[in-house]
2 protein chains.
Amino acid sequence: MPARRNPAASSESVDNYLKAILALSGPEERRVASTSLAARLGVAPASVTNMLQKLGAAPSPLVEYERHHGVLLSPAGRRRALEVLRHHRLIETFLYELLDYPIEEVHAEAERLEHFISERFEERIAAKLGHPKFDPHGHCIPAMDGKMPKQKSVSLTDVEHEGAFVVDSVSDWDAPLLKRLKARGIAPGVRLRTRRRTPDDDYAVSLGNSSRILHLSPDAAGAIRLCSVHH
Amino acid sequence: MPARRNPAASSESVDNYLKAILALSGPEERRVASTSLAARLGVAPASVTNMLQKLGAAPSPLVEYERHHGVLLSPAGRRRALEVLRHHRLIETFLYELLDYPIEEVHAEAERLEHFISERFEERIAAKLGHPKFDPHGHCIPAMDGKMPKQKSVSLTDVEHEGAFVVDSVSDWDAPLLKRLKARGIAPGVRLRTRRRTPDDDYAVSLGNSSRILHLSPDAAGAIRLCSVHH
DNA sequence: CTAATAATTTAGGTTCGCCTAAATCCGCGA
DNA sequence: TCGCGGATTTAGGCGAACCTAAATTATTAG
């Protein structure tokens with residue numbers, strides 16, 4: 001008989017759904033709508049529904065899915081998602097630190113490799129890197145037990161008034177955008193001052209001690225997360 | 001319209017067919033029978049026929065296939081096969097040299113990753129390793145332009161002095177002998193060091209890093225072909 | 001409260017890579 | 001030359017993951 005495997009077994013595709021749910025459900029673990037998943041994954045909404053039904057109906061489900069009410073990771077699903085995220089961020093760090101990749105290329109490569117590396121590979125690069133806690137974008141790397149300190153940072157879009165911040169991370173979702181921001185000097189660790197927001201969709205900031213003002217689009221602003229530098 | 005891709009586009013599966021054909025057609029580039037491919041790939045013969053038909057009928061074919069007469073790599077197919085082989089051997093070297101993998105684990109990991117690394121990854125690990133010419137098993141790594149010096153193997157009976165080798169193949173015409181050798185740890189891929197030959201018909205070798213010495217009969221020695229290891 | 005609109009699901013179809021079972025082809029011995 | 005057996009191909013299917021188009025359900029404005 002043709003060895004049929006567990007329908008909810010991890011596959012590249014399943015991994016990507018789990019990662020997307022993890023990302024979209026945020027720290028409060030909100031339920032995630034299929035439309036947002038579809039947008040994020042670049043597939044048709046109907047495909048999402050299909051997949052979620054499969055993932056939810058498996059003997060040991062990876063998600064908790066209810067028709068018309070979005071989806072949530074099950075404990076097993078969350079575990080797997082965090083493992084893949086750990087892979088992703090470790091690989092990014094590895095490519096950047098040990099293979100001298102340009103920062104804007106690490107995401108795409110990690111995105112492919114994260115699904116295929118073994119436990120041993122994970123363990124070895126983590127060791128070579130000295131068990132890093134942050135990837136080159138400033139994102140926190142989940143520990144092996146799946147725990148991850150919640151990062152408290154704000155999106156630049158949420159900041160309405162003047163203030164001094166440090167760039168905590170820049171979303172690595174959109175490589176060209178990442179590159180453009182880098183070219184303008186915006187990268188993790190950089191100090192940044194916000195201006196009061198007058199026109200609603202113009203984000204004006206200045207970098208370091210410079211008084212030169214940069215104007216960012218809402219898209220760009222949305223990709224930037226900040227930590228305040230008071231006290 | 002649903003962006004249908006080139007039917008002969010490279011995929012993990014296609015890569016594996018090409019690799020297998022490359023391996024089985026040998027240095028003289030013999031035509032390869034579907035049965036041997038099926039055996040090597042662990043799939044049904046019918047599946048092989050299917051795949052070969054697709055690969056051969058594509059706009060730019062990767063193989064030259066004729067029904068009932070086996071298959072041969074096209075120039076493009078050979079190029080791709082050598083690229084994947086280069087990936088495989090570079091990755092093995094990388095895992096062994098830079099990530100301190102145990103030698104017996106490098107193959108399985110490389111087998112998965114070879115399909116997914118980018119040109120940049122290839123170039124970077126090659127650079128870090130100093131553009132190695134041989135993998136940790138002693139196999140030659142194809143150059144980027146696809147050229148690869150043909151490896152010439154020697155019979156153990158022709159080796160008179162000490163040296164480090166890799167078992168290239170063990171003659172299979174004498175099954176019991178083959179089995180006995182395997183039981184003693186001698187099989188293709190195994191690293192083997194020869195001793196100086198003092199009595200004319202005693203072949204003394206040791207395996208891997210072990211210092212234990214095995215004594216082989218002329219018959220056994222004649223069945224073993226070796227490649228030298230140029231680290 | 002109802003109707004329009006937006007989100008979601010169902011139904012039916014595709015490609016890929018694999019499988020089994022049933023032809024068919026080819027070379028070799030009688 | 002005939003026919004037999006092994007090698008190979010054809011025919012018909014399956015599951016995964018995707019798609020479009022056509023329901024259906026939820027939400028929200030009037």
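Numbers restart at 1 for each chain; the letters A, B, ... are given by sequence-line order, proteins then strands. Values in this document were obtained by computation on a predicted structure and should not be read as measured data.
Of the listed nucleotides (C:dC19, D:dC18, D:dA17), D:dC18 has the atom at the smallest distance from the side chain of A:V43. With C:dC18, D:dC18, C:dC19 as the choices, the nucleotide that has an atom nearest any side-chain atom of B:A44 turns out to be C:dC19.
Under 4.0 angstrom from either OP1 or OP2 of C:dC18 there lies at least one side-chain N or O belonging to B:Y17. Close to D:dA17, at under 4.0 Å from its OP1 or OP2, lies no side-chain N or O of A:S47. The side chain of A:S11 contributes an N or O atom lying less than 4.0 Å from OP1 or OP2 of D:dA17. At the phosphate of D:dA17, OP1 or OP2 sits under 4.0 Å from a side-chain N or O atom of A:K54.
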- Message: The test is side chain to side chain contact (heavy atoms under 4.5 Å, CB included); show your working for A:F94 and A:V106 and say whether it passes.
- Response: CA-CA 9 Å; A:F94 164 73; A:V106 299; over 6 Å; no
Table of protein N/O atoms under 3.5 Å from nucleotides 9-11 of chain D N/O atoms:
residue: D:dT9; atom: OP1; partner: B:Y65; partner atom: OH; Å: 2.2
residue: D:dT9; atom: OP1; partner: B:H68; partner atom: N; Å: 2.9
residue: D:dT9; atom: OP2; partner: B:S34; partner atom: OG; Å: 3.4
residue: D:dT9; atom: OP2; partner: B:T49; partner atom: OG1; Å: 2.7
residue: D:dT9; atom: OP2; partner: B:Y65; partner atom: OH; Å: 3.2
residue: D:dT10; atom: OP1; partner: B:R67; partner atom: NH1; Å: 3.1
residue: D:dT10; atom: OP2; partner: B:Q53; partner atom: NE2; Å: 2.5

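There is a side-chain donor-acceptor pair under 3.5 Å between B:T157 and B:S155. Counted by atom type alone, B:H87 and B:E114 present zero donor-acceptor pairs between their side chains at under 3.5 Å. Between the side chains of A:D15 and A:S10, at least one donor N or O sits under 3.5 Å from an acceptor N or O.
When the P atom of D:dA26 is taken as reference, atom CZ of A:R31 falls 14 Å away, rounded to whole Å. Rounded to whole Å, the distance from CD on B:E12 to C1' on D:dA17 is 16 Å. Note: CG (A:L37) to P (D:dA17) measures 15 Å, nearest angstrom.
Taking the salt bridge (Lys or Arg N to Asp or Glu O under 4.0 Å) definition, one finds that A:R31 meets it with A:E64, sequence neighbours left out.
Counting only heavy atoms from C-beta outward, the side chains of B:E97 and B:E92 never approach each other to under 4.5 Å.
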